[in-house]
Amino acid sequence: MKQCLHCKITFTITDQDQAFYDRLAVPVPTLCPQCRMQRRLTWRNEHNLYQRNCDLCHQTIISMYRPDSPYRVYCQDCWWSDKWDPLDYAQDYHPSQSFFAQYDELRHAVPRVALTNTNSENSEYTNYAGNNKNCYLLFANSYGNNENCGYGVGTRKCHNSYDTLNVVESELVYDSADSSFLHRVVGAVNCVACTECWMIEDCSNCQNCLGCKGLRNKQYCIFNQQYSPEDYKAKRSQLQLHTEAGLKSFQEEWDKFRLTVPSRYSHQLKSENCTGDYITNSMNCTTCFDVNETEQSKFIKFSIGQVKDSYDVSYTGTAESGYEDVSLVDAYNCHFCNITWWSVRDLEYCELCFNTTNCFGSISLRKQKFCILNKQYSEADYHAMLQKIKQQMIQAGEYGEFPPAEQSPFHYEESVAEDFFPSQQRQATASIMTSGVADAKLCQHCSKAFKMVPAEVTFYQTMGLPQPNQCFNCRHLKRLDHKNAVQLWTRQCMKLGCANHFETTYSPERKEIVYCESCYQKEMF
């Protein structure tokens, strides 16, 4: 057992954990899994975007870095161009100084790309995104392939959809989360292959259903009660869902009803020997959340596929032997890295590196090898210097730790950490936020001004929806409330007479009725 240096709780290092750390030749972590995740997520700002000037061409750009941030920020055209060389910012390593201090000095000197947004068309306001067309405020979809979508996180292969969270291969969807293959659906959570439905949860292959939970292959149901097509149509018309008052009233009824239907302790599909929540096509995963095609891994938060033999990685796709990483794509044997994409191999403490291998403590490299603090070395000198640096970092208690949150380019409230580990400051300042944006609506929750793009207005008209009265960020946080915490509790099945225990993301104080898999299957099917 170890005690977390941050929150002081005790956590366990299993024999399997120790074997993993030994194989990677890294020290045992000093923070518990929750604190390690929180620290990593402070380095990722997805959906707070700003106008500022490019520090090279001086054009006005959209950036995830504030205009007053002390970093050199280039627009994407400039950053990817040959107008500058990241090796020009090389630093010598000084043994008498902290590595993290030297790494942070480089961070403040070398240019950073304004957004990570690739291969997209008319989608300037997207971040950590790729392969999108006509999209607005979409985030965390590096393999996106979305078209005409907005206000989405983790959205993939969707068309004409708004306000989505981890929705895949769907069309005409609004305010939905953790669902796939939907068509013309509003307010779905954990649903598959549903059409013409509003406010549904844990439903599959359903059509024309309102306020339903746990249904399979059903039509014309309201609050799980069967209606004839004619009665369903009449009842639906009476609900006035196209009005703000009607939608609010139905939402209140739905919030009460959903608590009366049992919930499955963990959302897993085609997975074996896994613990966590929202796990698909995976095996031998422990304490993992929102993962797909992941194997032999632990403490993963959001993987879009093909992650193997990794610990403590977040927002990752196609990675193997990763440890303490955030925002990786196509990476092998990378540790303590942030935003390293595309054929990156054998990196440690690197940021914004692409098609790069065998580098340490480097930032904004492209197609480079054997660099330390952006300084080029021969292969032999690189490995000799690397061993020297690691030994000194171990003595200083730095090696094996992700860079400290205090050195992140983002304020805590800007980062994804705020989504999953909310700060008190957000609650204190939400009611006093103001803006002078012209022709804008005022958010009824946080008082921040927000505007709607023309395509969004057309979408609400097509779907028969009232226009939202809250800004994107407040709507996003409300959707996150549908998801449980990224934490597990040991609980007993709530089915009378069942003694099964399980690990679940439903905390003991939650109001849902939580069943083990066996009791859930018997009750619901």
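In what follows, every heavy atom counts, from backbone to side chain, and hydrogens, waters and symmetry copies are set aside.
Residues R475 and D175 are not paired through a salt bridge, judged by the lack of any N-O separation under 4.0 Å between the basic side chain and the carboxylate. Under 4.0 Å is where a charged nitrogen must lie from a carboxylate oxygen, and between R491 and E503 no such pair does. Looking at K308 and E320, no side-chain N of the basic residue comes within less than 4.0 Å of a carboxylate O on the acidic one, giving no salt bridge.
With hydrogens and angles disregarded, a donor-acceptor distance shorter than 3.5 Å links the side chain of T294 to the backbone of N292. Without hydrogens or angle criteria, K448 side chain to N473 main chain gives no donor-acceptor distance under 3.5 Å. The backbone N or O of N484 sits nowhere less than 3.5 Å from a side-chain atom of T505 that would complete a donor-acceptor pair. Between the side chain of N117 and the backbone N or O of N127 there is no donor-acceptor pair closer than 3.5 Å. The closest donor-acceptor contact from the side chain of S310 to the backbone of G322 lies under 3.5 Å. With hydrogens and angles ignored, the 3.5 Å screen pairs no side-chain donor or acceptor of N146 with any backbone N or O of C149. No donor-acceptor pair closer than 3.5 Å links the side chain of S176 to the backbone N or O of V189. Of the possible donor and acceptor atoms, one in the side chain of S179 sits under 3.5 Å from a partner among the backbone N and O of N190. Side-chain atoms of T462 come within 3.5 Å of backbone atoms of T458 as a donor-acceptor pair (strictly under, hydrogens ignored). In terms of modelled atom types and a separation under 3.5 Å, the side chain of H47 and the main chain of N45 share no donor-acceptor contact.
L241 has its side chain within reach of L210: a pair of non-hydrogen atoms, C-beta onward, lies under 4.5 Å apart. L352 places a side-chain heavy atom less than 4.5 Å from the side chain of V113. Counting heavy atoms from C-beta on, the side chains of C498 and C516 come closer than 4.5 Å. The closest side-chain heavy-atom distance from V457 to Q467 is below 4.5 Å. A heavy-atom distance below 4.5 Å is not found between the side chains of W198 and W254. Looking at heavy atoms from C-beta onward, W43 lies out of side-chain contact with I339 at the 4.5 angstrom threshold. With a 4.5 Å cut-off on side-chain heavy atoms, E324 and V313 do not count as touching.
Taken to the nearest 0.5 Å, the CD1 atom of I200 stands 4.0 Å off from the SG atom of C191. In this structure, the separation between SG on C519 and CD1 on I513 is 12.5 Å, given to the nearest 0.5 Å. The distance from atom CG of L137 to atom CZ of F472, rounded to the nearest 0.5 Å, is 6.0 Å. Considering OG of S314 and CZ of F402, their distance stands at 8.5 Å, rounded to 0.5 Å. Separating the CG atom in L465 from the CG atom in D163 is a distance of 10.0 Å, to the nearest 0.5 Å. Note that CZ of R66 and OH of Y50 are 6.0 Å apart. Values are rounded to the nearest 0.5 Å.
In summary, the side chains of D309 and S321 do not present any donor paired with an acceptor at a separation below 3.5 Å, with no hydrogens or angles considered. Between the side chains of Q38 and Q34, no donor N or O sits under 3.5 Å from an acceptor N or O. In summary, the side chains of R44 and S415 do not present any donor paired with an acceptor at a separation below 3.5 Å, with no hydrogens or angles considered. For the residue pair N469 and E244, a side-chain donor N or O sits within less than 3.5 Å of a side-chain acceptor on the partner. For the 3.5 Å distance criterion, the side chains of E509 and S507 qualify, holding a donor opposite an acceptor. With 3.5 Å as the limit, one finds a donor-acceptor pair spanning the side chains of N132 and N141.
Aromatic rings from H476 and Y151 are positioned such that their centres are separated by 6.0 Å or more. Between Y311 and F20, the distance from one ring center to the other falls under 6.0 angstrom. Side-chain rings of Y265 and Y506 stay apart, their centers remaining 6.0 Å or farther from each other. The distance between the ring centers of Y162 and F459 falls below 6.0 angstrom. Aromatic ring centres of F421 and Y412 lie farther apart than the 6.0 Å criterion allows. Between F302 and Y315, the ring centre distance stays below 6.0 Å. The aromatic ring centres of Y227 and Y232 sit 6.0 Å or more apart.
The two atoms that bring P229 and Y220 nearest to each other are CG-CE1, 3.7 Å, heavy atoms only. Considering all non-hydrogen atoms of both residues, D312 and I300 come closest at N-CD1, 4.2 Å. Contact record, C4 with L31: SG-CA, 3.8 Å, taken as the closest heavy-atom pair.
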Donor-acceptor pairs are to be reported for all side-chain atoms of residues 165-173 against protein atoms at under 3.5 Å, with residues two or more places apart or in another chain.
from, atom 1, to, atom 2, distance (Å)
N166, ND2, D178, OD1, 3.3
S170, OG, V168, O, 2.9
S170, OG, F181, N, 3.2
S170, OG, L182, N, 2.9

Steps toward salt bridge (Lys or Arg N to Asp or Glu O under 4.0 Å) verdict (D202, R216): CA-CA 9 Å; D202 189 23; R216 304 292 184 268; 3.1 Å; yes
Trace of the side-chain hydrogen bond (donor to acceptor under 3.5 Å, both in side chains) decision for T155 with T164: CA-CA 7 Å; T155 305; T164 53; 2.7 Å; yes
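Residues satisfying the side-chain contact (heavy atoms from CB on, under 4.5 Å) test with S266, not counting sequence neighbours, are Q268, D277. Every residue meeting the side-chain contact (heavy atoms from CB on, under 4.5 Å) condition with E523, not counting sequence neighbours, appears here in chain and number order: P262, K495, Y515. For Y65, the ring pair (Phe, Tyr, Trp, His ring centres under 6.0 Å) partners two or more places apart in sequence, or in a different chain, are F410. For Y125, the ring pair (Phe, Tyr, Trp, His ring centres under 6.0 Å) partners at least two apart in sequence or on another chain are Y136.
Enclosure of atom NE2 in H159 by more than 12 non-hydrogen atoms of other residues, nucleotides or ligands within 6.0 angstrom is indicated. Counting non-hydrogen atoms of neighbouring residues, nucleotides and ligands closer than 6.0 angstrom, the CD atom of Q226 exceeds 12 such neighbours.
Applying the salt bridge (charged side-chain N to carboxylate O under 4.0 Å, His left out) rule to pairs touching residues 280-298 yields D17-K298, D290-K301, D290-K483, sequence neighbours excluded.
Ring planes of F354 and W341: perpendicular class, angle over 60° (limits at 30 and 60°).
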